[in-house]
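As structure tokens, the structure follows; a few thoughts come after it.
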Amino acid sequence: MITLRYIQENPGEVIEKLAKKQFDAREIVGSIVELTEAKNQTQVQADKARAEMNALSRDIGQLMRTGKKQEAEEARQRTAELKEQIRELEQQFAGLEVSIRELQVLLPNLPHVTVPYGKTPEENEVIRSGGVKPLLGAGTLPHWDLAARYRLIDFELGVKLTGAGFPVYRGKGAQLQRALINFFLDQARRNGYEEIQPPLMVNEASGFGTGQLPDKEGQMYHVTADNFYMIPTAEVPVTNIYRDVILEAGDLPVKNCAYSACFRREAGSYGKDVRGLNRLHQFDKVEIVQITHPDHSYGVLEEMVNYVESLVQKLELPYRIIRLCGGDMGFTSALTYDFEVWSAAQEKWLEVSSVSNFESFQANRLKLRYRGEAGKKPELAHTLNGSALALPRIVAALLENNQTPDGIKIPEALIPWCGFDRIP
RNA sequence: GGAGAGAUGGCAGAGUGGUCGAUUGCGGCGGUCUUGAAAACCGUUGUCCCUUUGCGGGGACCGGGGGUUCGAAUCCCUCUCUCUCCGCCA
């Protein structure tokens with residue numbers, strides 16, 4: 001959420017920057033500015049009336065104590081009108097606040113200056129790429145066939161137990177999952193991230209804090225009996241650790257990582273995009289989260305991108321890093337880099353990570369602040385996060401790219417975590 | 001699931017209608033003393049909003065919401081959460 005003060009002081013800039021996100025903010029910003037002006041005027045009046053009322057009440061107390069009943073009674077009669085006036089002003093004020101808030105939450109985050117113009121994914125900017133696409137011979141199989149042949153993942157069994165999109169991993173398939181999770185967590189720890197094991201369900205307040213609620217409600221599984229939500233990413237519980245928190249400047253940057261299962265309803269997706277591991281309702285992911293001083297968040301974003309790059313390099317997967325254009329960016333992000341790996345049999349790029357700087361957009365909702373110097377006012381911190389990494393598409397690419405007549409080769413770096421070097 | 005207790009400032013813990021944003025202790029910060037440190041002593045110590053060029057001024061907040069009252073941390077209603085005991089249980 002963009003702060004009211006910022007909108008109020010820079011309405012033109014907000015409109016201009018949001019145009020890059022293909023968002024016409026003119027009407028909303030205009031209304032916000034107008035309503036805020038009215039709200040402030042109302043507050044001045046209400047505060048004045050309350051000040052008067054407070055003084056009067058104190059006087060009455062004083063008069064009562066000194067036994068001047070008569071005068072106290074006179075003063076009391078004067079309060080009736082004031083009281084009514086305060087009631088009205090407070091109602092007005094509350095109404096204006098609600099209206100402003102409703103508009104305020106409609107505004108996406110402002111894009112960073114380096115965000116490219118563009119409307120569709122085609123206009124995203126490839127920053128760099130690495131690795132070598134494997135040359136596979138005839139008889140190349142997509143990962144869902146490989147998963148069946150080597151008895152790694154059973155999609156139909158998942159349908160029996162739960163439904164489509166809930167695969168069952170077994171044997172070496174299950175071991176590979178566990179190895180990847182441990183590999184990612186261990187790498188993160190070596191890079192200074194503290195490991196967190198978060199709850200997999202969160203309450204409404206947490207859903208709001210990171211921006212899933214109220215509007216993206218349909219994305220999450222809702223446990224209605226207790227009004228909990230299954231997390232769509234560990235970002236939600238991990239970032240919400242810092243909801244309503246004031247950090248000391250010395251605590252920054254906070255670096256957390258977490259493995260979690262992630263649950264997404266993905267309502268309305270079908271077709272070949274959802275085949276195999278390409279899109280699931282439950283999947284595993286290791287997430288990295290950082291909370292930084294506003295002056296350092298873009299340096300940290302680069303650091304996080306470099307870190308994720310090191311992971312796909314260790315896994316020897318052909319990859320490319322993409323800077324999302326304004327039209328393709330998420331609602332809450334100021335700058336996002338996506339990572340895609342090449343899936344050799346499907347012959348397409350699969351998104352496996354998204355690394356974003358949210359600047360103070362999430363922090364404002366979360367009331368996440370830091371204190372620069374003792375005695376100074378706390379200010380909003382910056383939050384960043386990224387997948388490091390999401391497992392299913394990594395597994396898809398690993399299986400497809402590394403298939404040989406003798407089985408599936410495990411990348412060198414992963415063998416210590418796997419305990420085997422080949423799936424025969 | 002049954003029964004009970006509670007929610008106050010970073011923490012602990014007072015406060016049951018009138019200068020209470022809140023006694024006190026601990027912690028934190030500053031100072032005196034000391035070669036330095038500890039101890040002791042003194043001072044200071046929340047968040048948010050509005051207003052003002054500035055100094056400053058005003059308002060809100062004692063789990064959330066509503067009510068009674070001239071006046072609520074204190075009384076009433078309601079919701080949420082936490083804890084304890086019993087039952088069940090990985």
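Residue numbering restarts at 1 for every chain, and letters A, B, ... go by the order of the sequence lines.
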Name every donor-acceptor pair, under 3.5 Å, that has one atom in a side chain of residues 26-36 of chain A and the other anywhere in the protein, sequence neighbours excluded.
from	atom 1	to	atom 2	distance (Å)
A/Arg26	NE	A/Asp24	OD1	3.0
A/Arg26	NH2	A/Asp24	OD2	2.8
A/Ser31	OG	A/Glu27	O	3.0
A/Thr36	OG1	A/Ile32	O	2.6

**Study point:** Residues that A/Glu204 engages under side chain to side chain donor-acceptor pair (under 3.5 Å), provided they are two or more places apart
**Key:** A/Asn227
Might you list the N or O atoms of the protein lying below 3.5 Å from N or O atoms in nucleotides 61-68 of chain B, with each pair's distance?
none

Revision key, fill the gap. Sequence neighbours excluded, the answer for ring-ring contact (aromatic ring centres under 6.0 Å, His included) partners of A/Phe23 is none
**Study point:** Residues which pass side chain to side chain donor-acceptor pair (under 3.5 Å) with A/Glu379, listed by chain and number, not counting sequence neighbours
**Key:** none
Exercise for review: Return each pair, listed once, that meets salt bridge (charged side-chain N to carboxylate O under 4.0 Å, His left out) where at least one residue sits in residues 91-117 of chain A; pairs must be two or more places apart or across chains.
Suggested key: none
Exercise for review: Mind checking side chain to side chain donor-acceptor pair (under 3.5 Å) for A/Gln282 and listing every partner two or more places apart, or none if nothing turns up?
Suggested key: none
Check your understanding: How far, in whole Å, is B/U44 from B/U52 if one measures between their C1' atoms?
Key -> 27 Å
Review point. If you measure from the Lys or Arg side-chain nitrogens to the Asp or Glu carboxylate oxygens, is any gap between A/Lys119 and A/Glu123 under 4.0 Å?
Key: no
Exercise for review: Using the criterion of both pairing distances under 3.5 Å for Watson-Crick and G-U wobble pairs, give all stems of 3 or more consecutive pairs involving RNA chain B.
Suggested key: B:1-7 with B:80-86, B:10-12 with B:24-26, B:27-32 with B:40-45, B:46-51 with B:56-61, B:63-67 with B:75-79
Practice item. Determine which pairs satisfy ring-ring contact (aromatic ring centres under 6.0 Å, His included) with at least one residue from residues 196-235 of chain A, sequence neighbours left out, and list them in order. Key: A/His222-A/Tyr229
Practice item. Please list, chain by chain and in numerical order, all residues satisfying ring-ring contact (aromatic ring centres under 6.0 Å, His included) with A/Phe93, sequence neighbours excluded. Key: none
Practice item. Answer yes or no: does a side-chain N or O of A/Arg78 lie under 4.0 Å from OP1 or OP2 of B/G71? Key: no
Practice item. Mark up nucleotides 48-59 of chain B, 5' to 3', with B wherever a protein heavy atom is under 4.0 angstrom from a base atom, S wherever such an atom reaches only the sugar-phosphate, and - elsewhere. Key: SBSS------BS
Point to revise | For A/Asn385, all residues meeting side chain to side chain donor-acceptor pair (under 3.5 Å), sequence neighbours excluded | key: A/Glu235
